[in-house]
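Indexing begins at 1, ligand by ligand and atom by atom, following the structure's order.
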Amino acid sequence: MKITLLGTGSPEAYARRASSGYLVEIGDDKILLDCGGGVFDRLLQSGRMPSDITHLFFTHLHTDHMMDYARLIHGAWDEGGAPLPVWGPAPIAGINERFFGIDGAFAHDLRARTELPQSQEVWVARGGTIPREWPQPQITEIEPGFNYQGDCWRLTTCRATHAQPLLECMAFRIEADGKSFVYSGDTGINDDVEALSKDADLLLHWCYRPDKAEATEAMRAMTPTPGEIAAMAARNDVKRLILTHFRKSMDDEATHQAAHASMKAAFDGPASIAKDLDEIIL
Ligand SMILES: [Zn+2]
């Protein structure tokens, strides 16, 4: 399994880090976990095309995890790609309908591209056929506990502690060839995420707060620090830990060094801070 970190940042506008998105390649499958702002461009920079994606799963629907969704779907459609299967919590079906439905935000564009004779001529010259269908991603709304069996891989989910009750949020575990990769989504440490992380070859965990940052009790429960995440990884026998979802304010040298020190104190295995376009092979 090969994992490419397409977006390792937060909602902030930040050239160094796109918002959340992670590509997992197993056999012929290219599985995208989240699709935040900037992930589309990172996908192209990594040498892949929108239509290369075979599966898209959303942990939750904060915009920094789905802002490039419409661009990905439209881009894959423009290439003539097959309808993309998409899994995510509600209201992903309604969001999709409001983008690509018959009365959706892009209806003017899709009507013009599929009905204008000149546009049809361009489409046929690019190898397409008429009539041209509108984008039709195959949406499945899911809840924590959902499992998916791929060709030679399996995805399991659990509830992440994040933006409930306003947004359902999940963490994901993917297993293939005896290897396991856990992506926390955005979450506080909870029993379900700990169980999901057990014995993982790689835990990619969000980190939104340095160890010494002041925070209210509610915020502390929601935003584990590098030291807390490393301790959780250690007690669950995780093999390798990478922190992601870094904010601009956490990206200076001193904060990185402090995070490395906190992780080293609590966790024996390799531990690092994600960078956009990093690749990991398990
Ligand atoms: Zn979030």
Taking 4.0 angstrom as the limit, do [X] and [Y] come out as a salt bridge?
{"X": "E115", "Y": "R132", "result": "no"}
{"X": "D251", "Y": "K248", "result": "no"}
{"X": "R48", "Y": "E25", "result": "yes"}
{"X": "D41", "Y": "R71", "result": "yes"}

Does the shortest distance from the Zn ion (ligand 1) to an N/O/S atom of [X] fall below 2.8 Å?
{"X": "C169", "result": "no"}
{"X": "H60", "result": "yes"}
{"X": "D186", "result": "yes"}

message: Rounding to 10°, state the angle centred on the Zn ion (ligand 1) that links NE2 in H162 with ND1 in H62.
response: 90°
